[in-house]
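Since the structure comes first, as structure tokens, the remarks are kept for the end.
Both counts, for ligands and for their atoms, begin at 1 and track the order of listing.
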Amino acid sequence: MENSKKTFQTILITGGAGYIGSHCAVDLLEAGYNVVAIDNFVNSVGSSQDVLPPPLKGVEKITGKKVHFYYGDLLEKSVIQNIFQKHKIDCVIHFAAYKSVGESFHIPLNYYKNNLISTINLLEVMEEYGCYQMVFSSSCSVYGNPATLPITTKSPTGNATSTYGRTKYTSECILRDLSHAKSEWNIIALRYFNPAGAHNSGIIGEHPTKVAYANLMPFLGQVAIGERQHLTVYGNDYNTVDGTGVRDYIHIMDLCSGHLAALKKIESEHLKFKPYNLGIGKGLSVLELKNAFEEVNNVKIPHVILPRREGDVDALYCDASDSETELGWKPRFDAKDMCRDYWRWQTMNPKGYLHD
Ligand code: WQD
């Protein structure tokens, strides 16, 4: 069923105060969309009421445009219904989820409940209000430990090596089944590799609210600025160039432009359910990224080697050619840009976002 060529006006972003959500809000506003955001501050900085949180204050400063913000948890359906009662939502970009590979092994029920029930609540309310368009934040972790590289969207999924990965895979199954049962659904799942870097203004960036949620780049920044004594490298016995884990790091602003491309695709075509990879197709080891950060920013990052982290795999990097040919998306930045932009955010905000 071809979508009539309608242009979306208002986009709801769940987890809108988070690292990826806030950066995408910049791109959406600058592309002329209205942005409505909801967040419960589980992995973002804010006070617990409808006060615009610091990351979204930064978004408004960068764009000069307003964000409609709601504090709330997707586990409470009424919170979502309230938003749909107040705004005509044309498409939802669903970022909100617990995201730590390591943490998910220790609290699996929290991960299954939060990541799956939130998604089901959201889908039920979307259906209630006749909104059938979604861009879903999925993950390369749905591929598990790949037998061959690079990973394409045809690579096997369903053998995730962590509870986190299994929640993302199961969410995709829910979306695929829903789009099969009801043809109105029009959904793109974006399988992120490793987002890194910050907006080039240095006004917004990545501020993990707990160690479990921190990715590699924030640790590099914290050691370089003296907030942390050394980097802990988890394992140097992987089957990789230097024994440390290899990942496909993608600049956060390339990840955002991938979301815009997916939105445009859904605006103009009816896909039912389709996944795409978002990565730059190049693997970097932990030590290679650390060295790049030191070189670009003229800093030193001492490190210690510890044993592997549960759930980590040797290497992940993708072939995102169908994102390029079908979404018209192409990454613009490389690891040095990610390191340079992250360092600007870190030096301008040594303690990250400050509470109001
Ligand atoms: C990267 C590499 C670590 C920290 C992330 C997101 C997850 C998903 C996939 C989207 C690994 C090593 C890290 C440190 C280290 N993205 N490392 N010392 O685990 O790949 O997962 O990307 O869905 O949501 O969290 O990212 O940055 O934690 O680890 O050696 O202090 O860096 O072992 O090889 P990960 P990460």
Side-chain angles (χ1 to χ4, degrees), residues 15 18-21 42-43 94-105 111 114-115 136-146 151 157 160-169 171-172 189-197 206 208-224 227-250 252 255 258-259 275-280 283-293 301-318 335 338 342:
Y19 170 45
I20 303 174
V42 79
N43 188 22
H94 182 27
F95 293 110
Y98 294 166
K99 50 89 47 179
S100 167
V101 169
E103 182 188 54
S104 69
F105 286 101
Y111 269 70
N114 184 70
N115 291 2
F136 175 66
S137 166
S138 190
S139 168
C140 59
S141 48
V142 302
Y143 295 111
N145 196 353
I151 298 170
T157 56
T161 58
S162 70
T163 297
Y164 164 74
R166 283 186 278 277
T167 69
K168 286 298 182 180
Y169 172 70
S171 299
E172 285 197 15
L190 295 176
R191 293 171 177 168
Y192 305 166
F193 281 71
N194 285 60
E206 185 173 4
T209 53
K210 55 184 180 181
V211 171
Y213 286 152
N215 288 319
L216 177 57
M217 188 67 90
F219 284 120
L220 296 178
Q222 288 165 16
V223 173
E227 285 288 310
R228 196 173 282 275
Q229 267 198 327
H230 57 254
L231 172 73
T232 303
V233 177
Y234 294 116
N236 65 347
D237 57 350
Y238 287 108
N239 179 21
T240 62
V241 60
D242 56 21
T244 63
V246 166
R247 296 288 183 277
D248 183 335
Y249 295 94
I250 172 174
I252 184 71
L255 194 85
H259 286 74
Y276 289 95
N277 285 337
L278 285 188
I280 67 172
L284 272 187
S285 76
V286 176
L287 294 180
E288 285 173 327
L289 188 65
K290 177 184 90 80
N291 296 340
F293 195 101
I301 300 175
H303 71 278
V304 297
I305 306 281
L306 284 189
R308 297 179 174 195
R309 258 183 348 186
E310 191 179 12
D312 274 353
V313 298
D314 298 62
L316 290 170
Y317 56 90
C318 78
M338 295 174 221
Y342 194 86

Tyr238 six-ring centre to Arg308 NZ/CZ under 6.0 Å and within 45° of normal: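 Here Arg308 passes the 6.0 Å and 45° test against Tyr238.
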
Please identify each residue that fulfils side chain to side chain contact (heavy atoms under 4.5 Å, CB included) with [X], with sequence neighbours left out.
| X | answer |
| --- | --- |
| Ala160 | Arg166 |
| Thr161 | Asn145, Val313 |
| Glu310 | Phe105 |

Sub-4.5 Å side-chain heavy-atom contact between Tyr164 and Tyr111: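 Counting from C-beta outward, Tyr164 and Tyr111 do come under 4.5 Å.
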
Qualifying residue for side-chain hydrogen bond (donor to acceptor under 3.5 Å, both in side chains) with Lys99, from Asn43, Asn115, Asn215: Asn215

Under 3.5 Å: N or O atoms of ligand 1 paired with protein N or O:
from	atom 1	to	atom 2	distance (Å)
ligand 1	18 (N)	Thr232	O	2.6
ligand 1	19 (O)	Arg309	NH2	2.8
ligand 1	20 (O)	Asn194	ND2	3.0
ligand 1	20 (O)	Arg247	NE	3.0
ligand 1	22 (O)	Asn194	ND2	3.2
ligand 1	23 (O)	Ser139	OG	3.0
ligand 1	23 (O)	Tyr164	OH	2.6
ligand 1	24 (O)	Lys99	O	3.1
ligand 1	24 (O)	Tyr164	OH	3.3
ligand 1	25 (O)	Lys99	NZ	3.1
ligand 1	25 (O)	Asn215	OD1	3.0
ligand 1	26 (O)	Asn194	ND2	3.3
ligand 1	27 (O)	Leu216	N	2.7
ligand 1	28 (O)	Arg309	NH1	3.2
ligand 1	28 (O)	Arg309	NH2	3.1
ligand 1	29 (O)	Arg309	NH2	3.3
ligand 1	30 (O)	Tyr234	N	3.0
ligand 1	31 (O)	Thr232	O	3.4
ligand 1	33 (O)	Asp312	OD2	2.7

